[in-house]
Amino acid sequence: MLQKPHFGTFATVGSDGVVNFWDKDNKQRLKGFPAINRTISCAAFNNGQGNMFAYSSSYDWSKGSSFYSPNAPNAANQNEIFIHYTPEDEIKPKGKKR
């Protein structure tokens, strides 16, 4: 979990390959990304404005080294970095639901 510098918004990422932005005060999801079908190993908002969100995918080491094959052509072994522009409407709380 990581917090955005403004608005009290935070993001969650994980082994399910999904990124979500959340409003902590109203306890609601602000944005969900489509799954990338591999583990998201780390993520961060940029310092200062917080208008960029970067996350990376890599092998899921919880499966152990015996399943790791760096030369395999499948997507699960690919290391990639994704950068997402975060406009205010994706990360600003929407107001309390009634």
- Expected output: side-chain Asp23 to main-chain Thr9 donor-acceptor under 3.5 Å: no

- Message: Are Val19 and Ile36 connected into the same hydrophobic cluster when the rule is that any two of I, L, V, M, F, W, Y join if their side-chain heavy atoms are below 4.5 Å apart?
- Response: yes

- Note: Lys94 and Leu30 closest approach over all heavy atoms is CG-CD2, 3.9 Å

- Note on the structure: Residues at least two apart in sequence or cross-chain that pass side-chain contact (heavy atoms from CB on, under 4.5 Å) with Pro34, listed by chain then number, are none

- Query: Has Lys31 got more than 12 heavy atoms of other residues, nucleotides or ligands less than 6.0 Å from its NZ?
  - Reply: yes

- Item | Among Tyr85, Phe10, Tyr55, Phe53, the one residue meeting ring pair (Phe, Tyr, Trp, His ring centres under 6.0 Å) with Phe45 | Phe53

- Determine whether Phe21 and Thr86 make a side-chain contact, defined as any pair of heavy atoms from C-beta on separated by less than 4.5 Å. yes

- Ile81 CD1 to Ser58 OG distance, which is reported to the nearest 0.5 Å: 10.5 Å

- Message: Is there a path of hydrophobic side-chain contacts, each under 4.5 Å between heavy atoms of I/L/V/M/F/W/Y residues, joining Phe82 to Val13?
- Response: yes

- Could you give the distance from CD1 (Ile40) to OG (Ser57), rounded to the nearest 0.5 Å? 7.5 Å

- Query: Which atoms form the tightest heavy-atom contact between Arg29 and Asn20, and what is the distance?
  - Reply: CD-OD1, 2.9 Å

- Item | Side chains of Ser15 and Thr39, donor plus acceptor under 3.5 Å | no

- Would you check if the distance from the ring center of Phe33 to the ring center of His84 is below 6.0 Å? yes

